[in-house]
Amino acid sequence: MTAPILEVQDLHVRFPVKRGLFGRTVGHVRAVDGVDLAIQPGETLGLVGESGCGKTTLGRSIARIISPTAGLIRYRDAAGDEVDLTTARNRDLRELQRQIRVVFQDPFSSLNPRMTLLQVIGEPLRNHNVATGSELEDRVAGMLSRVGLSPKYLHRYPHAFSGGERQRVNIARALILEPRLVIADEPVSALDVSVRAQILNLLRDLQEELGLTYLFISHDLSVVESVCDRVAVMYLGRMVEVAPTDELYTRPRHPYTEALLSAVPRPDPRLRDAGRRIRLADDLPDPADPPPGCTFHTRCAYAVPGSCDVPGGAPALERTGPGHRAACLRTDDLSLAGIEPDPV
Ligand SMILES: Nc1ncnc2c1ncn2[C@@H]1O[C@H](COP(=O)(O)OP(=O)(O)OP(=O)(O)O)[C@@H](O)[C@H]1O
Ligand SMILES: [Mg+2]
């Protein structure tokens, strides 16, 4: 196995919860609560989980848009040297921020309406002192064609474009500094179903052409299935399962993954009716006050009182098979239901 491009160890990100007139801190949201994760060069690693489980926070701390509270983020640069992203400062940090870029979710709000495509896409080049003037314009024009837009749009404003086209602009902006690792945070969630496949194909083509590694964040397990090599499942700030995509979908080893999979729509009625839908109670526990023991026990159909809810640390990720890890005390007793691969 090759060395990972990125390795996260026991990462924590906490946000203060403030109350009252004077904004007194009354607690902390544990948005990321002890995550371990490795990303291999050239792969697409999916990151899934319900809203509020910490996906965006994890992605943004990897890109160092926010600073983690504790833990290690080790990045291996093109020369093979390891850098600790959590302690990098100033020039080192700026260089790392060139190599790790984020594609944001909403193509409507993430583009400044008063900037032309040249300005929007060229801004990172200017901020990082990479290019100016006609060189900058040439680079932006080249990137526009790469993402499937005509360079004649250079001087137009974002409002002239559809959602799919704006997402192409977002992708161009993320790639203009020639990053190696791209965090794509729900890159197609805000788009019409009809244009999703085009953007996913574009991301795949660019990955091949430019040798990119993706952390692909999504709550849509059908999309993740179609684009990811491996998948990591997150619950209340923790990683509960990681496995190659086929393996995770057909043989989940954590009850939370089983519940998420049971809700994946399958157009083929034989597949659709094969499984039963596992309803998760709506109330995600408060991430400022997570349940004791396994944090999923309050919603888990298999939880055993006196074992899964015993105060103390939540179960750690343990190896359950080749490339497969799950954080469940009962994983060896349970035979959980997966779903058949989507034939398309
Ligand atoms: N800047 C912030 N200040 C305070 N709390 C925050 C902040 N950003 C995120 N949180 C909290 O951290 C937790 C994780 O949020 P995050 O946005 O990372 O989740 P997510 O998995 O990306 O959700 P979604 O699927 O809705 O995008 C949530 O409880 C959220 O309310
Ligand atoms: Mg998010």
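We count ligands from 1, going down the list as the structure has it; atoms in each ligand are counted the same way. Keep in mind the model is a prediction, meaning the values are calculated, not measured.
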Return the residue, atom name and 0.1 Å-rounded distance of the protein heavy atom closest to atom 11 (C) of ligand 1.
Val29 CG1, 3.9 Å
From Val17, Val32, Thr57 - option closest to atom 18 (O) of ligand 1 by heavy atom
Thr57
Nearest non-hydrogen protein atom, atom 19 (O) of ligand 1
Gly54 N, 3.3 Å
Nearest neighbour in protein (non-hydrogen) for atom 25 (O) of ligand 1:
Lys55 NZ, 2.8 Å
Heavy-atom proximity to atom 14 (C) of ligand 1, best of Gly52, Pro287, Gly237:
Gly52
Answer yes or no: does atom CZ of Arg156 have more than 12 heavy-atom neighbours from other residues, nucleotides or ligands under 6.0 Å?
yes
What's the shortest distance from atom 4 (C) of ligand 1 to any protein heavy atom, and which residue and atom give it?
Phe15 CB, 3.3 Å
Just jot down the ligand 1 atoms closer than 4.0 angstrom to any heavy atom of Thr56, in number order.
17 (O), 18 (O), 20 (P), 22 (O), 27 (O)
Which option, Cys53, Pro16, Ser51, owns the non-hydrogen atom nearest atom 24 (P) of ligand 1?
Ser51
Check whether Thr245 reaches the backbone of Cys228 with its side chain - one donor and one acceptor, N or O, closer than 3.5 Å.
yes
Answer with yes or no whether the hydrophobic clustering places Val224 together with Leu212; edges join I, L, V, M, F, W, Y residues whose side-chain heavy atoms lie under 4.5 Å apart.
yes
Are Val240 and Leu37 connected, step by step, through hydrophobic side chains (Ile, Leu, Val, Met, Phe, Trp, Tyr) whose heavy atoms are closer than 4.5 Å?
no
Strictly under 2.8 Å, is any N, O or S atom of Thr56 next to the Mg ion (ligand 2)?
yes
Smallest heavy-atom separation, Glu43 atom then Asp229 atom, equals CA-OD2, 3.4 Å
Nearest neighbour in protein (non-hydrogen) for atom 12 (O) of ligand 1
Ala31 CB, 3.4 Å
How far does CD of Glu123 sit from CZ of Arg173, to the nearest 0.5 angstrom?
4.5 Å
Does atom 30 (C) of ligand 1 have any protein heavy atom closer than 4.0 Å?
no
Where does the angle between the aromatic ring planes of His254 and Tyr256 fall among parallel (under 30°), tilted (30 to 60°) and perpendicular (over 60°)?
perpendicular
Report yes or no: does Arg101 contribute a side-chain atom to a donor-acceptor pair with the main-chain N or O of Gln97 at less than 3.5 Å?
yes
